[in-house]
Amino acid sequence: MSKKTIAILTVILAILIDQISKIYIKTHFSLGEEIKVLGLDWFRIHFTENNGMAWGFEFGGKAGKLFLTLFRLVAVSGIIYWLIQTIKNKIHNGVVIAISLILAGAIGNIIDSVFYGVIFSESKHQGPIATMFPETGYADFFFGKVVDMLYFPMYQGESFTFFNAIFNGADSWITIGVILLFIFNKQAFPKAKKE
């Protein structure tokens, strides 16, 4: 299988898994609804939404949200260029997969930010579950919220929870991609040959 085919299949498969899981959660869970996977306390599906930054951080209101989405679009262009150069230079398949996963993760969260406000009704706590393709969405283009659902609270004390982040498939792909870049760092970032 060619490096180009590996990259395309990785990106498509990762985006599909991310989007199918997000659409399912958005259309089957109320905001804040949670289930324990296999009855485990440390593995939960917990539906939450945020404006696109890690841990739900926000800056600058609507202007900040628009800037963040536009920045991501520019970053994706840079990642695509990096991936193309990696394929052209016939760098290790591990690096191709790593960059492809990072690209898929970035695209996955961009899809939420750009389109979800238009194609879904609003999710509410203990309210009606969101529907897909309502007459009017809950926000304009570029102002949708990112759907998060994966929650692994490894330890919960009275005032402290170890690993309290709630994230999604796209975030996972980016993390796995970065880990792979560390593993294949010599191939990903070869030192210039001394003459």
Side-chain angles (χ1 to χ4, degrees), residues 10-37 40 42-80 100-153 156 161 163-178:
T10 301
V11 170
I12 290 172
L13 185 61
I15 290 173
L16 281 174
I17 292 169
D18 174 62
Q19 289 301 308
I20 289 168
S21 64
K22 287 175 177 174
I23 291 168
Y24 179 83
I25 295 297
K26 181 83 174 157
T27 58
H28 288 80
F29 283 62
S30 295
L31 196 59
E33 187 175 345
E34 177 179 281
I35 60 168
K36 292 180 181 178
V37 178
L40 301 171
W42 56 268
F43 183 13
R44 304 177 190 188
I45 301 297
H46 180 101
F47 175 33
T48 188
E49 293 179 308
N50 68 63
N51 278 323
M53 290 185 70
W55 283 279
F57 291 123
E58 295 182 35
F59 71 96
K62 277 192 143 189
K65 168 76 172 164
L66 183 59
F67 173 79
L68 178 64
T69 303
L70 293 174
F71 172 79
R72 282 183 170 153
L73 289 168
V74 171
V76 161
S77 301
I79 296 167
I80 290 170
S100 298
L101 286 172
I102 293 168
L103 176 61
I107 291 171
N109 283 335
I110 287 171
I111 290 170
D112 295 26
S113 295
V114 173
F115 299 108
Y116 274 26
V118 177
I119 65 171
F120 287 108
S121 61
E122 187 175 5
S123 294
K124 296 182 179 178
H125 289 277
Q126 300 176 340
I129 293 171
T131 57
M132 198 169 185
F133 304 117
E135 285 187 31
T136 56
Y138 68 85
D140 296 326
F141 274 110
F142 287 90
F143 294 99
K145 294 180 180 178
V146 174
V147 172
D148 290 325
M149 78 291 288
L150 299 172
Y151 183 37
F152 296 92
Q156 289 185 296
T161 299
F163 201 66
N164 66 348
I166 303 172
F167 55 100
N168 58 42
D171 301 327
S172 301
W173 305 146
I174 292 169
T175 302
I176 293 166
V178 169

Between Ser121 and Pro134, is there a donor-acceptor pair closer than 3.5 Å when you use the side chain of the first and the backbone of the second? no
How far apart are the closest heavy atoms of Phe141 and Val118, and which atoms are they? N-CG2, 3.5 Å
Would you check, one step at a time, whether the test side-chain contact (heavy atoms from CB on, under 4.5 Å) holds for Asp171 with Asp148? CA-CA 9 Å; Asp171 301 327; Asp148 290 325; 3.6 Å; yes
Locate the shortest heavy-atom distance separating Ser30 from Ile129; write the atom from each residue and the value. OG-CG1, 3.9 Å
Could you tell me the separation between the OG1 atom of Thr10 and the CD1 atom of Ile12, rounded to the nearest 0.5 Å? 9.5 Å
Considering all heavy atoms, the nearest Ala130-Ser123 contact: CB-OG, 3.5 Å
Does any non-hydrogen side-chain atom of Lys26 lie less than 4.5 Å from one of Glu49? yes
Closest non-hydrogen contact found for Ser172 with Phe167 is OG-CE1, 3.3 Å
Would you say the side chain of Phe142 lies within less than 4.5 Å of the side chain of Leu73, judging by non-hydrogen atoms? yes
Nearest 0.5 angstrom please: Ile79 CD1 to Arg72 CZ, how far? 11.0 Å
Give the intermediate values and the outcome of side-chain contact (heavy atoms from CB on, under 4.5 Å) for residues Phe143 and Val114. CA-CA 6 Å; Phe143 294 99; Val114 173; over 6 Å; no
Hey, are the side chains of Thr27 and Phe120 touching, using non-hydrogen atoms and a 4.5 Å cut-off? yes
Going from CZ on Phe47 to CD on Glu34, what distance comes out if it is rounded to the nearest 0.5 angstrom? 13.5 Å
How long is the straight-line distance from CG of Leu66 back to CZ of Phe71, given to the nearest 0.5 Å? 14.0 Å
I'd like to know if the side chain of His125 and the backbone of Leu31 have a donor-acceptor N/O pair within less than 3.5 Å. yes
List for me each residue that meets side-chain contact (heavy atoms from CB on, under 4.5 Å) alongside Lys124, sequence neighbours excluded, and say none if there are none. Glu122
Close side-chain approach of Val76 and Leu103, heavy atoms under 4.5 Å: yes
Between CH2 on residue Trp42 and CZ on residue Phe152, distance to nearest 0.5 Å: 7.0 Å
Would a 4.5 Å heavy-atom cut-off, applied to side chains only, mark Met149 and Asn168 as touching? yes
Tell me, which pairs form a side-chain hydrogen bond (donor to acceptor under 3.5 Å, both in side chains) where one or both residues lie in residues 12-25, sequence neighbours left out? Asp18-Lys22, Gln19-Asp112, Gln19-Tyr116, Lys22-Asn109, Lys22-Asp112
Begin from the C-alpha positions of Ile111 and Ile15 and carry the test side-chain contact (heavy atoms from CB on, under 4.5 Å) through to its verdict. CA-CA 10 Å; Ile111 290 170; Ile15 290 173; 4.1 Å; yes
Locate the shortest heavy-atom distance separating Ile102 from Val178; write the atom from each residue and the value. CD1-N, 4.0 Å
